[in-house]
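A quick write-up on the structure given underneath.
Whatever order the structure lists them in is the order used to number ligands and atoms, beginning at 1. Every value quoted in this text rests on a predicted model; they were computed, and no experiment measured them. What's counted below: heavy atoms across the whole structure, side chains too, no hydrogens, waters or symmetry copies.
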Amino acid sequence: MQLLQRLRRNRLSPSIRSMIAETVLPRASIVVPIFIVEGSNQRIPIQSLPGVDRMSIDVAIEAISKFQDTGLRSACLFPVIEPTLRSLTASEAWNPHGLMATALRQIKQALPDMIIMADVALDPYTSHGHDGLADANGTILNDETVACLVKMALTQADSGVDFIAPSDMMDGRVIALRQALDENGFHHVGIVAYSAKYASALYGPFRDALDVRLGFGDKRSYQMNPANVREALLEAKLDEQEGADILLVKPALPYLDVIARLRAQTLKPIAAYHVSGEYAMVMAAHANGWLDAREVFAEMLLSIRRAGADLIFSYTPYAMYTARD
Ligand code: PBG
């Protein structure tokens with residue numbers, strides 16, 4: 001055939017393919033979630049999240065250090081709170097001697113070059129498992145919750161956190177957090193705002209990990225309706241105006257259109273959270289021999305980058321890179 005265009009020429013060898021690759025997946029772009037439990041020498045598997053363990057602080061330091069050796073640069077901490085410490089006021093969330101504050105101090109001291117982020121939301125701390133305070137009718141209270149988040153974030157900042165990551169979806173929390181951080185001398189602490197967090201069915205294994213069951217209702221009065229994308233862009237615009245440093249979309253793969261549209265709207269870095277259910281589905285198929293998890297994850301994470309995300313919160317390092325011996 002006489003063809004002027006033979007696109008396969010550019011696919012001929014691995015070297016050519018990598019030379020013209022439009023998208024890359026640097027390990028430094030992955031943020032690895034870490035579940036922290038009380039005690040020492042604890043490594044407790046999570047049945048619905050194969051390969052991921054809840055770890056006591058000492059074990060987590062070892063694990064994060066190994067992740068660092070493989071090229072990862074950041075971790076986000078989620079505490080597993082003892083049921084006896086959960087309450088209607090969620091006051092354990094700003095305990096300066098609590099699990100999160102202690103973990104932040106010890107991990108930053110041991111691994112000062114790792115970027116340590118901390119989730120800001122009340123769900124591990126409330127007796128009903130919602131991300132906010134509730135009134136007697138089960139309505140999640142916005143402004144009262146924001147006041148709690150501010151106390152929580154200041155405790156985290158005081159413990160050495162690099163970025164706080166509010167995942168609660170209350171209105172106005174980014175500006176409240178930014179102002180409180182600045183007023184208290186924490187100008188250097190950044191905010192990764194979960195701008196577009198959808199009310200998704202893909203968070204199940206995460207709730208298993210934290211041992212959180214919703215006491216009533218669902219999260220649809222604060223997390224977003226999966227039907228909406230303009231609303232996501234508006235949430236992100238407001239978070240940006242309120243001082244967010246990084247804008248996050250969650251979950252990732254079912255919302256690549258949201259990431260791509262947000263990419264066109266903002267000059268800020270975009271994060272995507274490849275959530276627990278997205279990870280668990282692949283691991284379940286892998287366990288059945290139906291696909292190769294490493295290859296699938298590499299393709300999925302690349303597609304999240306291609307859509308426009310700069311960083312990706314993901315459990316895949318547990319399966320893709322050696323975190324264990
Ligand atoms: C709660 C929170 C959730 C996740 C991160 N922060 C669960 C929820 O909103 O119910 C989910 C993460 C995942 O599924 O991996 N603030």
Which atom pairs, donor and acceptor, lie under 3.5 Å between side-chain atoms of residues 157-167 and protein residues at least two apart or in another chain?
unit_1 : atom_1 : unit_2 : atom_2 : d
Ser159 : OG     : Thr155 : O      : 2.7
Asp162 : OD1    : Lys108 : NZ     : 3.4
Asp162 : OD2    : Lys108 : NZ     : 2.8
Asp162 : OD2    : Ile116 : N      : 2.8
Ser167 : OG     : Asp119 : OD1    : 2.9
Ser167 : OG     : Asp119 : OD2    : 3.4

For residues 226-238, please give each side-chain donor-acceptor pair under 3.5 Å, one per line with the distance, not counting sequence neighbours.
unit_1 : atom_1 : unit_2 : atom_2 : d
Asn228 : ND2    : Glu231 : OE1    : 2.6

Indicate, with yes or no, if the rings of Tyr279 and Tyr318 have centres closer together than 6.0 Å.
no
Residues at least two apart in sequence or cross-chain that pass side chain to side chain contact (heavy atoms under 4.5 Å, CB included) with Arg6, listed by chain then number, are Met1, Leu3, Arg9
Exercise for review: Answer yes or no for Lys66 and Tyr321: cation-pi contact, defined as NZ/CZ to six-membered ring centre under 6.0 Å and angle to ring axis within 45°.
Suggested key: no
- Query: Would the Tyr315 and His274 ring centres measure less than 6.0 Å apart?
  - Reply: no
Output for ligand 1, non-hydrogen cut-off under 4.0 Å, lists Asp119, Ala121, Asp123, Asp131, Ser167, Lys197, Leu202, Tyr203, Phe206, Arg207, Lys219, Gln223, Lys250, Tyr273, Val275, Ser276, Tyr315
